[in-house]
Amino acid sequence: MTIFDLGAEMSERIADVNRQVIVVSAPDQTATTNTVTLWQRTDACAGWTRAAAPLAGRNGANGWSLNHYDGDLCSPVGVFTLTAAGGRQPDPGTLMPYEYRPSYYQTGEPDMAAAFDYVVAIDYNRMPGYPPSDPKRPLGTAAGGGIWLHVDHNCATQGCVAVTREGIVAILAWLSPASRPLIVMGDAASLGK
């Protein structure tokens, strides 16, 4: 079985070593809500199967961008590795490297504090394998960064992808570094290429 919603171009970016894929699909480029599905396979020859029921998600306040830049309030379209997690709360039981650092995951807006209780760093303009707090931006600061999968705060994000608290905890429990997880994210037309 192939991964639903993905066309040949996006599917080709998934290597044989990748055994877990999170697909974030929005109806169009301006959408701020999306559907998050988890896919897995046992090896490169096996078909993909859904690992859980789809989750409702949110993304950037200005939708999606193929050319994301700092401050555009868009979520970047693409295929990215997932190599680290962290948050304000202790590790909920993930195999991913986990950075428990409450003082780092703070925000000036009290209603948003809980959004960073748990995060999975999306390796867009960041050094894979480093903690989510790592400031390095290989593409430069103008390209933005700090794109995470995190807890939903009941509104669109500044570029991250957000799901319910239960959803992020379940994703953290499911993710395994040995499965070389990826996230494929964007609007339906971009993903369908």
Side-chain angles (χ1 to χ4, degrees), residues 5-15 17-18 20-36 57-88 96-99 101 103-109 112 115-116 118-153 155-163 168 171 175 177 180-193:
D5 299 330
L6 298 188
E9 187 179 310
M10 286 293 183
S11 294
E12 286 172 8
R13 297 178 62 188
I14 300 171
V17 297
N18 303 119
Q20 292 179 322
V21 174
I22 299 173
V23 176
V24 180
S25 179
D28 58 56
Q29 206 163 20
T30 62
T32 60
T33 59
N34 57 65
T35 301
V36 178
R58 297 182 200 265
N59 51 270
N62 288 334
W64 296 91
S65 174
L66 292 166
N67 300 300
H68 177 70
Y69 59 87
D70 190 39
D72 70 0
L73 299 180
C74 289
S75 297
V77 173
V79 179
F80 309 103
T81 55
L82 301 172
T83 56
R88 294 175 356 123
M96 298 294 283
Y98 192 87
E99 176 185 50
R101 192 171 162 198
S103 63
Y104 175 77
Y105 300 99
Q106 297 298 325
T107 176
E109 300 174 43
M112 290 197 40
F116 307 116
Y118 304 106
V119 306
V120 177
I122 296 171
D123 292 340
Y124 166 81
N125 197 21
R126 68 179 301 275
M127 300 295 291
Y130 284 78
S133 64
D134 186 78
K136 294 179 199 75
R137 301 285 182 255
L139 303 175
T141 56
I147 304 295
W148 297 337
L149 178 61
H150 63 66
V151 179
D152 186 11
H153 48 77
C155 64
T157 71
Q158 294 183 15
C160 297
V161 173
V163 295
I168 192 72
I171 288 169
L175 286 172
R180 306 284 292 272
L182 297 174
I183 189 166
V184 182
M185 49 195 258
D187 59 283
S190 296
L191 296 183
K193 292 181 180 179

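Note that this is a predicted model, so its numbers are computed, not measured.
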Which atoms form the tightest heavy-atom contact between [X] and [Y], and what is the distance?
X	Y	value
V119	A115	CG1-O, 4.4 Å
T32	A156	CB-CB, 4.0 Å
W64	C74	C-CB, 4.1 Å
C160	G146	SG-O, 3.5 Å

Show the atom names and distances, to 0.1 Å, of all donor-acceptor pairs under 3.5 Å that link a side chain in residues 181-193 to residues at least two apart or in another chain.
unit_1 : atom_1 : unit_2 : atom_2 : d
D187   : OD1    : S190   : OG     : 2.8
D187   : OD2    : A189   : N      : 3.4
D187   : OD2    : S190   : N      : 3.1
D187   : OD2    : S190   : OG     : 3.3

Distance check, rounded to the nearest 0.5 Å: [X] atom [atom1] versus [Y] atom [atom2]?
X	Y	atom1	atom2	value
I171	I22	CD1	CD1	5.0 Å
L149	T157	CG	OG1	10.5 Å
T83	I122	OG1	CD1	11.0 Å

Who pairs with [X] by ring-ring contact (aromatic ring centres under 6.0 Å, His included), at least two apart in sequence or on another chain?
X	result
Y98	none
Y118	none
W148	Y105, F116

*Residues forming a side-chain hydrogen bond (donor to acceptor under 3.5 Å, both in side chains) with D5, sequence neighbours excluded*: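 Per chain and number, D5 pairs via side-chain hydrogen bond (donor to acceptor under 3.5 Å, both in side chains) with no residue.
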*Please say whether more than 12 non-hydrogen atoms of neighbouring residues, nucleotides or ligands are located less than 6.0 Å from CZ in R137.*
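Buried by this count: over 12 neighbours within 6.0 Å.
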*asked:* The criterion is side chain to side chain contact (heavy atoms under 4.5 Å, CB included); which residues satisfy it with P138, sequence neighbours excluded?
replied: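 Applying side chain to side chain contact (heavy atoms under 4.5 Å, CB included) to P138 gives N125, M127.
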*Using the test side chain to side chain contact (heavy atoms under 4.5 Å, CB included), find all partners of P177 that sit at least two apart in sequence or belong to another chain.*
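P177 satisfies side chain to side chain contact (heavy atoms under 4.5 Å, CB included) with L95, M96, P97 only.
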Within the side chain of [X], is there an N or O that forms a donor-acceptor pair under 3.5 Å with the backbone of [Y]?
X	Y	result
N59	V161	no
Y130	A84	no
S75	G60	yes

*With sequence neighbours left out, which residue pairs that include part of residues 119-130 fulfil the salt bridge (charged side-chain N to carboxylate O under 4.0 Å, His left out) condition?*
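Non-adjacent pairs meeting salt bridge (charged side-chain N to carboxylate O under 4.0 Å, His left out): D123-R126.
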*So which pairs with a foot in residues 64-85 pass salt bridge (charged side-chain N to carboxylate O under 4.0 Å, His left out), sequence neighbours left out?*
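Qualifying pairs: none.
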*asked:* Tell me every residue that passes salt bridge (Lys or Arg N to Asp or Glu O under 4.0 Å) with D134, counting only those two or more places apart in sequence or in another chain.
replied: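 Salt bridge (Lys or Arg N to Asp or Glu O under 4.0 Å) list for D134, sorted by chain: K136.
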*Go through the structure and list residues passing salt bridge (Lys or Arg N to Asp or Glu O under 4.0 Å) with D152, not counting sequence neighbours.*
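Salt bridge (Lys or Arg N to Asp or Glu O under 4.0 Å) check on D152 returns R58.
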Identify every side-chain donor-acceptor pair in residues 6-15 under 3.5 Å, counting partners at least two apart or on other chains, and give the distances.
unit_1 : atom_1 : unit_2 : atom_2 : d
S11    : OG     : G7     : O      : 2.9

_Testing E99, R101, H150 one by one against P132 for a side-chain contact (heavy atoms from CB on, under 4.5 Å), which residue passes?_
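That would be E99.
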